[in-house]
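Chain letters run A, B, ... following the sequence lines, proteins first, then strands; residues in each count from 1.
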2 protein chains.
Amino acid sequence: MRKNAEINATPVCQVRMQAISDAMSLLSGKWKFHILGTLIEGNTLGFMDLLREIDGIGTKMLSKELQDLEMNNLVSRTVMNTKPITVEYSITEYGKTLSSLIDELANWGIEYRKSVYEKGNN
Amino acid sequence: MRKNAEINATPVCQVRMQAISDAMSLLSGKWKFHILGTLIEGNTLGFMDLLREIDGIGTKMLSKELQDLEMNNLVSRTVMNTKPITVEYSITEYGKTLSSLIDELANWGIEYRKSVYEKGNN
DNA sequence: CGGTATAGTATCCAATAGGAAACTACTTTC
DNA sequence: GAAAGTAGTTTCCTATTGGATACTATACCG
């Protein structure tokens, strides 16, 4: 009979839990994966491009999320010396390390939807 | 010069975007990955076990998140015919399909933390 | 019969997330 | 000179999230 014995008290689990919290704090929110996925697909895009690509997002959220992602070195922002001024957003090398995770998330979501649909038919 | 041409307008991207939204709606929140991770590790645990394992969670959130996960068929809840009454929570077969995703998220988080630490030393 | 364990609910509150709309500021095009 | 495109910021508002605390209800243990 376990009272305060803990699975998660093992050092390896503590590290994993911490890591999940870390990752979630960078990637949580309604739009981060959409932005990252779009930038991985599109290479470099301007602010207005992203606004058009990501269905439903508004300027405030896009601006805020891009700042977050830039701060965490997942996205880079470059002001171009053009007239009218343009800004190029692109995924960083580090941001690219997320692409398999995003793929897996997307594929899991696709399978999940299929499974729900199949269940619905039974 | 692209005006409303869209990367994400392609059917394959639409499906991916939808899938990411689907997955996020099931998995978002502060505790879901922790609960799932703990149940994958621990196989079957009672409510109080989970409360002890998951550092910082309270009864309200644990209860609510378990209900969500159960509704989405990721966790199963079995009331045992014991005195005092006990409840066994475990990961479902379907829930187990998330384990590689959770692993990848945790590993990414570990690497991210390392990279921040290294940057800090430069 | 009081303490402790099981498994939660209910209530109240604070913080955060997110959306709509208006606005800034600059430039090019018609 | 007005419209439209660049890239945002600001303000106001609502909804969701999450936490603390107290409470219910049952049952065993001593």
message: Generate the contact string for nucleotides 17-27 of chain C. Rules: B means base contact, S means sugar-phosphate contact only, - means no protein heavy atom under 4.0 Å.
response: -BBB------S
So, OP1 or OP2 of [N]: does either fall under 4.0 Å of a side-chain N or O from [X]?
X: B/R52; N: C/dT6; result: yes
X: A/Y89; N: D/dT6; result: no
X: B/R77; N: C/dA7; result: no
X: A/Q67; N: D/dT9; result: yes
X: B/S63; N: C/dT9; result: yes

Whole Å only: how far is the [atom1] atom of [X] from the [atom2] atom of [N]?
X: B/H34; N: D/dG19; atom1: NE2; atom2: P; result: 10 Å
X: B/M80; N: C/dG8; atom1: CE; atom2: C1'; result: 18 Å
X: B/L66; N: C/dT9; atom1: CG; atom2: C1'; result: 14 Å
X: B/L51; N: C/dT9; atom1: CG; atom2: P; result: 13 Å
X: B/N81; N: D/dT26; atom1: CG; atom2: P; result: 16 Å
X: A/D68; N: D/dG8; atom1: CG; atom2: P; result: 14 Å

- prompt: Are B/L101 and B/L69 connected, step by step, through hydrophobic side chains (Ile, Leu, Val, Met, Phe, Trp, Tyr) whose heavy atoms are closer than 4.5 Å?
  reply: yes
- prompt: In the single-linkage hydrophobic clustering (I, L, V, M, F, W, Y; side-chain heavy atoms under 4.5 Å), do A/I57 and B/M17 co-cluster?
  reply: no
query: Just checking B/E88: base, sugar-phosphate only, or nothing, at a heavy-atom cut-off of under 4.0 Å?
result: nothing
What heavy-atom pair brings [X] and [Y] nearest, and what distance separates the two atoms?
X: B/Y89; Y: B/L39; answer: O-CD2, 3.5 Å
X: B/L66; Y: B/F47; answer: CD1-CD1, 4.0 Å
X: B/W108; Y: A/A23; answer: CE3-CB, 4.1 Å

statement: The side-chain hydrogen bond (donor to acceptor under 3.5 Å, both in side chains) partners of B/T92 (sequence neighbours excluded) come to none
field: Modelled atom types, side-chain donor and acceptor of A/N43 and A/S90, under 3.5 Å
entry: no
